[in-house]
Amino acid sequence: MNKKIWVTFLTCAFLLAAISMGEAQESGRKWGVGTFLSLNAPMGRLGDQFSPSSKFGMSWQYMLNKKLYLEMEYHRSEFNHGKLEEQTFTWSVDGKDYLSPEASTQMNFDGGAVNLLIFHQGAPSLKGGAFAYYFQVGGGYYHYKVERRNFIFPGQRQEPLDPTLVLQPQIDSKTALTLNAGFGIQAFPIDRIALDLRARYNVLMGEVRPMWDWGIENKTFPMMLLDIGAGVKFYFWKE
């Protein structure tokens with residue numbers, strides 16, 4: 001995991017330790033661990049380059065009060081065979097469209113985030129049959145890497161077009177600040193085990209360079225993704 005992500009997680013860990021060591025205002029402090037799987041859909045210009053993929057991760061959350069949970073999460077998402085692999089370019093010499101047969105594009109994310117879950121009517125009781133819906137806001141860091149390889153060099157000037165003459169690999173990689181907001185619902189089929197359904201929008205302060213001849217005429221900034229998914233959480237507390 002990237003250094004900035006570790007710093008975020010350690011900072012929050014110390015914060016949680018300080019909270020837990022203080023005098024509790026309530027008789028039972030509740031915390032939980034969980035895992036989740038989501039459909040992760042690139043939006044805007046990023047969506048012009050990659051199709052939706054899966055996102056998986058794990059989380060730990062702590063109840064600050066009856067309406068507010070602090071959540072820490074780690075997640076990963078991979079996108080293979082981007083849309084530009086099937087995109088042609090028009091060669092200015094003969095005006096024909098050409099496909100790069102060996103082209104490959106991929107993107108991956110590793111992220112850490114700290115979220116606040118704000119329950120509208122108060123946190124659920126953790127008893128079977130209970131449920132509650134919430135709003136989520138958060139922020140953290142995504143480490144992303146976007147790779148494009150083996151695209152035919154479109155600046156050739158002599159016929160015939162040489163498909164073995166390709167562009168240098170283009171790699172955009174950075175650890176960038178990410179903000180997210182969304183909403184969800186937690187439902188308890190049995191005591192202390194929750195199904196967590198959530199949708200959220202993520203805005204990543206990173207960028208991907210343009211590829212003019214393949215229809216991407218401007219850099220992609222910011223990078224935006226919408227994820228919708230479900231998770232399972234296991235809650236623990238001491239009275």
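Please read all numbers here as calculations on a predicted model, not as lab measurements.
In the hydrophobic clustering of this structure, F236 groups with L64; members are Ile, Leu, Val, Met, Phe, Trp, Tyr whose side-chain heavy atoms approach within less than 4.5 Å, directly or through other members. Linking ILVMFWY side-chain heavy atoms closer than 4.5 Å, directly or via other members, places V166 and L161 in two distinct hydrophobic clusters. Cluster annotation: I190 and L195 are assigned to the same hydrophobic cluster (Ile/Leu/Val/Met/Phe/Trp/Tyr, side-chain heavy-atom contacts under 4.5 Å, transitive). There is a path of hydrophobic side-chain contacts, each under 4.5 Å, that joins V137 to W60. Under the 4.5 Å side-chain contact rule for hydrophobic residues, I185 and L226 do not share a cluster.
The two residues L84 and F151 have their closest heavy-atom pair at O-CE2, 3.5 Å. When all heavy atoms of M205 and F221 are compared, the pair lying nearest together is C-CE1, 3.8 Å. The two residues W214 and S100 make their nearest non-hydrogen contact at CZ2-OG, 4.0 Å. Residues H120 and K67 come closest through the heavy atom pair O-NZ, 3.4 Å. Nearest approach of L46 to L225, heavy atoms of both residues: CD2-CG, 4.3 Å. For Y134 against L197, the heavy-atom pair with the smallest separation is OH-O, 4.0 Å.
Checked against the 6.0 Å centroid threshold, W31 and Y62 do not count as a close aromatic pair. Aromatic pair H75/F109: centroids not less than 6.0 angstrom apart.
In this model, a donor atom of one side chain and an acceptor atom of the other lie less than 3.5 Å apart for R148 and Q49. For the residue pair Y144 and D172, no side-chain donor N or O sits within less than 3.5 Å of a side-chain acceptor on the partner. Between the side chains of S92 and R157, at least one donor N or O sits under 3.5 Å from an acceptor N or O.
Around the CZ atom of F131, the shell of radius 6.0 Å holds no more than 12 heavy atoms that belong to other residues, nucleotides or ligands. For M58, the CE atom is loosely surrounded, since the number of other residues' heavy atoms within 6.0 Å does not exceed 12. Residue F183 places its CZ atom among 12 or fewer non-hydrogen atoms of other residues, nucleotides or ligands, all under 6.0 Å distant. Atom CD of Q121 is surrounded by more than 12 heavy atoms from other residues, nucleotides or ligands within 6.0 Å. Environment of CD in E102: sparse, with no more than 12 heavy atoms of neighbouring residues, nucleotides or ligands closer than 6.0 Å.
No donor-acceptor pair under 3.5 Å is formed between the side chain of R45 and the backbone N or O of I216. In terms of modelled atom types and a separation under 3.5 Å, the side chain of T105 and the main chain of G82 share a donor-acceptor contact.
Note on ring orientation: taking the six-membered ring where Trp is involved, the planes of Y133 and F135 are perpendicular (angle over 60°, cut-offs 30° and 60°).
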Please table the atom pairs, donor to acceptor, closer than 3.5 Å between any side-chain atom in residues 33-43 and protein atoms at least two apart or in another chain.
unit_1	atom_1	unit_2	atom_2	d
T35	OG1	G57	O	2.9
N40	ND2	S77	OG	3.2

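For the pair L126/F188, a side-chain contact is recorded, criterion being any heavy-atom separation below 4.5 Å from C-beta on. Using a 4.5 Å heavy-atom cutoff, the side chains of H143 and S173 are in contact. Two residues are said to be in side-chain contact when any heavy atoms from C-beta on lie closer than 4.5 Å; Y98 and T88 fail this criterion. Between Y74 and S59 the shortest side-chain heavy-atom distance does not fall below 4.5 Å. Counting heavy atoms from C-beta outward, R76 and F56 have side chains that approach closer than 4.5 Å. The side-chain heavy atoms of M211 and Q170, taken from C-beta on, include a pair separated by under 4.5 Å. A 4.5 Å side-chain heavy-atom check between L117 and R198 finds at least one atom pair inside the cut-off. Counting heavy atoms from C-beta on, the side chains of Q156 and D162 come closer than 4.5 Å.
Residues E217 and R209 are not paired through a salt bridge, judged by the lack of any N-O separation under 4.0 Å between the basic side chain and the carboxylate. Between D227 and R200 there is a salt bridge, since a side-chain N of the basic residue sits under 4.0 Å from a carboxylate O of the acidic one. With respect to the salt-bridge test (charged N to carboxylate O, under 4.0 angstrom), the residues E85 and K83 do not qualify.
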| request: Applying side chain to side chain contact (heavy atoms under 4.5 Å, CB included), run through W91 and I152 and close with a yes or a no. | output: CA-CA 10 Å; W91 192 29; I152 295 174; over 6 Å; no

| task | For K233 and Q61, run side-chain hydrogen bond (donor to acceptor under 3.5 Å, both in side chains): C-alpha distance rounded to whole Å, both residues' side-chain angles, the deciding distance at 0.1 Å, then the answer. | result | CA-CA 9 Å; K233 292 191 173 181; Q61 66 183 40; 2.4 Å; yes

| said: side chain to side chain contact (heavy atoms under 4.5 Å, CB included), that's the test. Do V114 and E71 meet it? Break it down for me. | reply: CA-CA 6 Å; V114 179; E71 178 186 72; over 6 Å; no

| Hey, mind stepping through I118 and L68 against side chain to side chain contact (heavy atoms under 4.5 Å, CB included) and telling me if it holds? | CA-CA 5 Å; I118 306 166; L68 192 64; 3.7 Å; yes

| Test log, rule side-chain hydrogen bond (donor to acceptor under 3.5 Å, both in side chains), inputs D97 and T90 | CA-CA 4 Å; D97 294 335; T90 302; 2.6 Å; yes

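Here the OH atom belonging to Y141 is positioned 11.0 Å from the NZ atom belonging to K174, to the nearest 0.5 angstrom. The line from CE of M107 to NZ of K145 is 14.0 Å long, rounded to the nearest 0.5 Å. The structure places CG of D213 at 8.0 Å from CG of L167, a figure rounded to the nearest 0.5 Å.
Listed by first then second residue, pairs satisfying side-chain hydrogen bond (donor to acceptor under 3.5 Å, both in side chains) with a partner in residues 179-195 read N115-N180, Q136-N180, Q186-D196, Q186-Y235, not counting sequence neighbours.
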